[in-house]
Amino acid sequence: MARPRQHAPEELHAQVMAACDAWLAEQPVHALSLRSLAREVGCAPSTLLKLYGSFNNLLQHVNLESLGRLRTVMEPLLVDTTEPEARLRALAQGYWKFAREDAHRWQLMFDYPLAQEGELDQRQTDMIGALFARVEGTLTEYQPDLESLKAQRLARTLWGSVHGLVQLGLNDRLGYSQGGAFEVEELLDQLLSTTLAGLKQIGRDQGGR
């Protein structure tokens, strides 16, 4: 009987991530198993457990890759657009585009709890924090009188709303009007218009004191 192929940890990790990527391009994560992944990359399931500690930890590495891809989508939108309002709109639409085009990978980030401790937790926390910081900074640029804590809260409130519209859009749960189905792109624009109008009014109120 031929011996199983031996893998260096870095090589095996790259193969596992590639196998997960191919799977998520076509199917949701729920049908994926440690055994099927091991078979795909040519090793024993115990080898993957030794490398990752658990199947959940393996999926957390996939989530790290997903956050990295999301950052790759978002960063150019922050550079290519000079006006803060246009930047926020581009970020929201970019988030929708990422979720729509890589739906199974996007859904995995929310179907499984993020890491709770250790290096994985710190890396995920840092990447999520950096994304929020971009939104906070753009909101503060739009409304310089916005206090730091309020900017942090507003960034999370705004992005929670963006995320909710994206989730409903992916599941076709936005409903219909007389003109047909509600479009995520239009609802995101309306959300940003309402939020930014409120910020502008705050500036007027504070300026009139």
Side-chain angles (χ1 to χ4, degrees), residues 63-111 113-114 121-209:
N63 280 338
L64 275 175
E65 286 213 339
S66 300
L67 287 168
R69 292 188 184 196
L70 180 58
R71 180 175 59 190
T72 300
V73 169
M74 295 301 209
E75 289 294 334
L77 300 176
L78 292 163
V79 174
D80 296 343
T81 310
T82 56
E83 294 297 323
E85 178 175 351
R87 225 177 300 150
L88 287 168
R89 293 183 187 278
L91 286 173
Q93 298 293 345
Y95 188 67
W96 165 234
K97 182 174 184 289
F98 175 82
R100 187 176 66 248
E101 294 180 355
D102 213 344
H104 297 315
R105 178 177 283 275
W106 181 86
Q107 194 64 53
L108 171 59
M109 290 193 289
F110 305 100
D111 281 354
L114 294 176
D121 175 38
Q122 190 59 53
R123 290 171 66 188
Q124 289 176 345
T125 298
D126 290 345
M127 294 178 80
I128 293 170
L131 290 170
F132 273 125
R134 291 293 198 175
V135 179
E136 293 164 22
T138 307
L139 288 169
T140 303
E141 186 179 347
Y142 182 83
Q143 177 48 266
D145 293 329
L146 193 63
E147 298 173 0
S148 176
L149 180 57
K150 289 183 178 179
Q152 293 173 24
R153 287 174 174 169
L154 181 58
R156 284 152 181 79
T157 301
L158 174 60
W159 217 254
S161 301
V162 169
H163 176 81
L165 288 173
V166 167
Q167 179 77 71
L168 290 171
L170 287 177
N171 294 331
D172 294 323
R173 293 293 188 270
L174 286 170
Y176 298 85
S177 67
Q178 292 181 349
F182 286 106
E183 298 293 335
V184 174
E185 293 88 348
E186 295 177 359
L187 296 178
L188 288 174
D189 269 341
Q190 182 174 329
L191 171 65
L192 266 296
S193 295
T194 303
T195 301
L196 295 176
L199 270 180
K200 190 173 292 185
Q201 186 59 48
I202 289 174
R204 293 196 190 100
D205 293 344
Q206 292 181 344
R209 289 177 183 176

Problem set entry | Glu65 atom CD, neighbour heavy-atom count above 12 within 6.0 Å | yes
Problem set entry | Heavy atoms from other residues, nucleotides or ligands near CZ of Arg153 exceed 12 (cutoff 6.0 Å) | no
Non-hydrogen side-chain atoms of [X] and [Y] separated by less than 4.5 Å:
X	Y	result
Leu170	Val166	yes
Phe182	Glu186	no
Arg134	Arg87	no
Tyr142	Glu85	yes
Asp102	Leu70	no
Leu91	Trp159	yes
Ser193	Arg89	yes

With rounding to the nearest 0.5 Å, note down the distance linking [atom1] in [X] to [atom2] in [Y].
X	Y	atom1	atom2	value
His163	Phe110	NE2	CZ	4.5 Å
Asp189	Leu88	CG	CG	11.5 Å
Leu139	Lys150	CG	NZ	13.5 Å
Leu154	Thr195	CG	OG1	6.5 Å
Leu64	Arg69	CG	CZ	12.5 Å
Arg123	Asn63	CZ	CG	12.0 Å

Please name the pair of heavy atoms, one in [X] and one in [Y], separated by the smallest distance, quoted to 0.1 Å.
X	Y	value
Ser66	Arg105	OG-CG, 2.8 Å
Glu185	Gln93	O-NE2, 3.0 Å
Leu199	Gln143	O-NE2, 3.0 Å
Val135	Ala155	CG1-CB, 3.9 Å
Arg71	Leu131	CA-CD2, 4.3 Å
Leu192	Ala92	CD2-CB, 4.0 Å

For this session: Mind telling me whether Tyr95 and Trp106 have parallel, tilted or perpendicular rings, with 30° and 60° as the class edges?
Result: perpendicular
Exercise. Taking it one step at a time, do Phe132 and Gln152 satisfy side chain to side chain contact (heavy atoms under 4.5 Å, CB included)?
Worked result: CA-CA 8 Å; Phe132 273 125; Gln152 293 173 24; over 6 Å; no
